[in-house]
Structure formats: structure tokens, C-alpha cells
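A note on names: the letters A, B, ... follow the listed sequences, proteins ahead of strands, and every chain is numbered from 1. Keep in mind that what you see is a predicted model, and the values were worked out from it rather than measured.
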Protein chains: 2
Amino acid sequence: MLRFTKRSEYGLIALAYLGGQGDSYCSAREIVDTLGLPRRLCAEILKSLSTAGLVEAIRGPGGGYRLKREPSGLSLSEVITVLEGPLRMANCANGGECEKEAACLIATGVNRVADDIQGVLSSFTLADLIAEAQAKINAPTPAIQV
Amino acid sequence: MLRFTKRSEYGLIALAYLGGQGDSYCSAREIVDTLGLPRRLCAEILKSLSTAGLVEAIRGPGGGYRLKREPSGLSLSEVITVLEGPLRMANCANGGECEKEAACLIATGVNRVADDIQGVLSSFTLADLIAEAQAKINAPTPAIQV
DNA sequence: ACAAAATAGCACCATTTCAGTGCCTTTTCA
DNA sequence: TGAAAAGGCACTGAAATGGTGCTATTTTGT
């Protein structure tokens, strides 16, 4: 339960990778080949991130993606919202087909939980993930390659 | 994303209801009829909660369910774990088919997030939900009945 | 002893979401 | 003008989720 989808997982992985590459552009191909992720799926994810303005995309040879913002300014909350849509803990907590008073029994409390979880996700940034990732990118093997 | 399943939702609702009924036993039927929840599904959920020792079940006429523990001692974390299994944010974070170093790029960080979220869920108790629910059970209509 | 109340157990179906893929188009650099 | 790269579109298979029906077993009350 309460798990990330692959979209979020791959998205965060790709972002962490981009974060470790500085200002240079990385092609989707490089990313998926380096990290061993499914190509098309990641392409879609990167596109979403691009549309949302989290990464910058440049076409053509030499192009690719790069972060549009400092990793420390990119919260997990934002990334996940882009890739999975907004948080909705219980059905009645959001949009609102809450006809049965039942759901509402816990709506208020659940909303409070949701807020706290959202807070956790907001408190973590891409920089936090990258801090961990750095060691793995730059340490054992020069760079994981295909 | 990161949403409760219906199992958790209904489970929490039922527990909140039981919490408002003191020491008396409430039949599954009473619960679902009062709250307008799907019968069979809730019966399964109550059975799970009973197996896990969170509620007490008594068969036969006059029987039913009741909380086996003080609401303030029952964390959401526990309830949700019973009804949905353990938290697992990313695949590589748990059991371990983590062949691709990719997933591990964020594993450590994601695990930290998961811990924090688990912390949030542990910090909320059934009593918190009931506090909200009480008003709705005892206020507008004497008691929602069939 | 019997009937009714209640939980327990089993097997199944429908829908939605998720993960993943293929193919073609457009842009852009060399 | 050719190759590299992002972008767009439509589709498929698998799994999780939500939900239901029927029957068995236990227990109380009459």
C-alpha cells in the first residue's frame, strides 16, 4: 500500500541521474541505457516532466534533457504530483462523490493524515536523493554503462 | 497516488464506528447497514481485523464485533498494515529483485521517505479519527439508522 | 431440539490501473 | 541531407481492486 508507481520511481531515478550530470544535456537514450530502464515508458515520463517544466528538453543531435531547477528546490511532492496526479487518500476526501455519510466518518481525520504525508513529501527534495545517489554514480565503477 | 485502498478506508470507518459504541458488540450487519458499506467486503475486512487481533468477534445471536483495544492505542499504521500489507514505496526498497543498479540510485532516499510516512501513520490513532467522527455520529441525527 | 442470528470460508467476476511496447513525425545539428 | 533526438498516438497484457453469492459453522434463546 501507499507505494510509488513505476512512473514516479523511474521519474525520480531519471531526475536523480540528471541531477548528477550538471548542466549538460542527456538524451533519453543515454539515461535508459545507463540505468537499464524501459525506453518508451521513460520517454513518456521525461516528456511529462518536460511539459510540467521540471526539466528542459532540447531536440536534435546533442540535445536531450536537463534539470530546469536546482535539485534542492525540487520537492518529491512536486515530482510525484506531476507524474501521478494529486494525492487523494480516501475517495470522499477529494472531488466528492461522498453520498454516504460513512466515508465522512473519517474524512476529516484522513485529510489530516494526508496533509502530514504531503508534508513529508514536500520536505524531501531531489537533492536528498542525489546525495545518496552520488556515491553510487561516481564510486565503484567509473560510470555504469551499457 | 499514495491512496488508501477501500479495504483500509472501510476498515477505518468500521473501526471508528466500533470505537463509538463502547463495549457492546455490533454485528457486521448493523455496521454496514448503518454506514452504507458493501456487506461482503466489510465482512472480510472485519474478519481480517479479527484475525489480527484488533477486534474481538463473537458468534451467534447478540454477537458481533468490538474493539479489543483502546482506540488511542491503535495506530493507523497498524490497521493499514493488517489490511494492505507492509509499506513498500519502491520495489527495490523491499523484498529485493533489485538487479538493476538503477532502482538503487534512489533506494536509500526513498526508504527514508517511507520511514517518515510510516511515522506519520504511526502517530495517528483510531482515537484521532473517532474524535472527528463523534460529532457526526452523535450530533445532527440521534444516530444514523436503517 | 429447533430456529434464528451471526461469523467464517470459498470461489468467482468486472473494472480499473499500471507497465510496457511499436511505429511514425518533427525538429535540429553537422 | 542524413542522423540524432524529442514528441505523439494507439495498443496490449497483467495485476490489483472492488464487489458479490452461496454455503458452513457456531451459538443463543425459546
Side-chain angles (χ1 to χ4, degrees), chain A residues 1-11 13-14 18 24-66 68 80 83-85 88-92 97 100 102-103, chain B residues 1-11 13-14 18 24-34 36-66 68 80 83-85 88 90-92 97 100 102-103:
Chain A
M1 59 91 169
L2 287 182
R3 70 182 175 286
F4 288 151
T5 61
K6 290 292 180 189
R7 279 182 74 82
S8 291
E9 191 181 330
Y10 296 157
I13 290 171
L18 287 179
S24 58
Y25 288 91
C26 304
S27 71
R29 179 164 193 174
E30 173 191 337
I31 296 174
V32 300
D33 283 355
T34 303
L35 300 174
L37 304 179
R39 294 199 182 188
R40 300 294 299 103
L41 187 54
C42 284
E44 259 185 44
I45 291 168
L46 286 166
K47 181 194 59 186
S48 296
L49 293 172
S50 165
T51 304
L54 302 192
V55 301
E56 197 175 351
I58 289 202
R59 293 182 163 195
Y65 298 95
R66 76 173 178 189
K68 206 168 179 178
I80 292 172
L83 295 177
E84 302 189 29
R88 59 204 146 116
M89 296 298 287
N91 293 348
C92 65
E97 55 232 78
K100 32 180 106 169
Chain B
M1 59 91 168
L2 288 183
R3 69 182 176 287
F4 289 152
T5 62
K6 290 292 180 188
R7 280 182 73 82
S8 291
E9 190 181 332
Y10 295 159
I13 291 171
L18 287 179
S24 57
Y25 288 91
C26 304
S27 72
R29 180 164 192 173
E30 172 191 337
I31 297 173
V32 300
D33 283 357
T34 304
L37 304 180
R39 295 200 180 188
R40 300 292 300 104
L41 187 53
C42 284
E44 259 185 44
I45 291 168
L46 287 166
K47 179 195 60 185
S48 297
L49 293 173
S50 164
T51 304
L54 302 190
V55 302
E56 197 175 352
I58 289 201
R59 293 184 163 194
Y65 298 93
R66 77 172 177 189
K68 208 169 177 179
I80 292 170
L83 295 177
E84 301 189 29
R88 59 205 146 116
N91 294 348
C92 66
E97 52 233 78
K100 31 180 112 170

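- Per the geometry, CG belonging to A:Leu41 stands 18 Å off P belonging to D:dG13, to the nearest Å.
- Of all heavy-atom pairs spanning B:Ile45 and B:Gly11, the tightest one is CG2-CA, 3.6 Å.
- Using a 4.0 Å cut-off between a side-chain N of Lys or Arg and a carboxylate O of Asp or Glu, A:Glu9 and A:Lys6 qualify as a salt bridge.
- Within 4.0 Å of A:Ala43, counting heavy atoms only, lies no atom of the nucleic acid at all.
- OP1 or OP2 of D:dG7 sits under 4.0 Å from a side-chain N or O of A:Ser50.
- Of the side-chain N and O atoms in A:Tyr25, none sit less than 4.0 angstrom from OP1 or OP2 of D:dA4.
- Within the 3.5 Å criterion, the main-chain N or O of A:Leu46 finds no donor-acceptor partner in the side chain of A:Ser50.
- Proximity of A:Leu41 to A:Val32: side-chain heavy atoms (C-beta onward) are nowhere separated by under 4.5 Å.
- In this entry the distance linking CD of A:Glu84 with P of C:dA19 reads 8 Å, nearest Å.
- Distance CG (A:Leu18) to C1' (D:dA6): 14 Å, rounded to an integer number of Å.
- The NZ-P distance, from B:Lys6 to C:dT15, rounds to 17 Å in whole Å.
- Checked against D:dA6, D:dG19, C:dA6, the side chain of B:Ser27 finds its nearest nucleotide in C:dA6.
- Each of A:Ala28 and B:Arg39 was matched to the nucleotide of DNA chain D holding its nearest heavy atom; the match closer to the 5' end belongs to A:Ala28.
- At whole-Å resolution of the value, CD1 in A:Ile45 and C1' in C:dG20 are 10 Å apart.
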Base versus backbone protein contacts along nucleotides 21-30 of chain D [heavy-atom cut-off under 4.0 Å; B, S, -]: BB--BSBB--
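- The separation between A:Phe4 atom CZ and C:dC18 atom C1' is 16 Å, rounded to whole Å.
- With rounding to whole Å, B:Arg7 atom CZ is found 14 Å from D:dA16 atom P.
- When each of C:dG20, C:dT7, D:dG19 is scored by its nearest atom to the side-chain atoms of B:Pro38, the top-ranked nucleotide is D:dG19.
- The heavy-atom pair separating A:Tyr25 from A:Gly62 by the smallest distance is CB-O, 4.0 Å.
- Dashed line: the shortest gap from a side-chain N or O of A:Tyr10 to OP1 or OP2 of C:dG20 is under 4.0 Å.
- Atom-to-atom, CG of A:Leu83 to C1' of C:dT17 comes out at 16 Å; the value is rounded to the nearest Å.
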Candidate pair B:Thr5 and B:Ile80, rule side chain to side chain contact (heavy atoms under 4.5 Å, CB included), full reasoning: CA-CA 9 Å; B:Thr5 62; B:Ile80 292 170; over 6 Å; no
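- Ion pair B:Arg66/B:Glu56 flagged as a salt bridge, since at least one NZ, NE, NH1 or NH2 atom sits closer than 4.0 Å to an Asp/Glu carboxylate oxygen.
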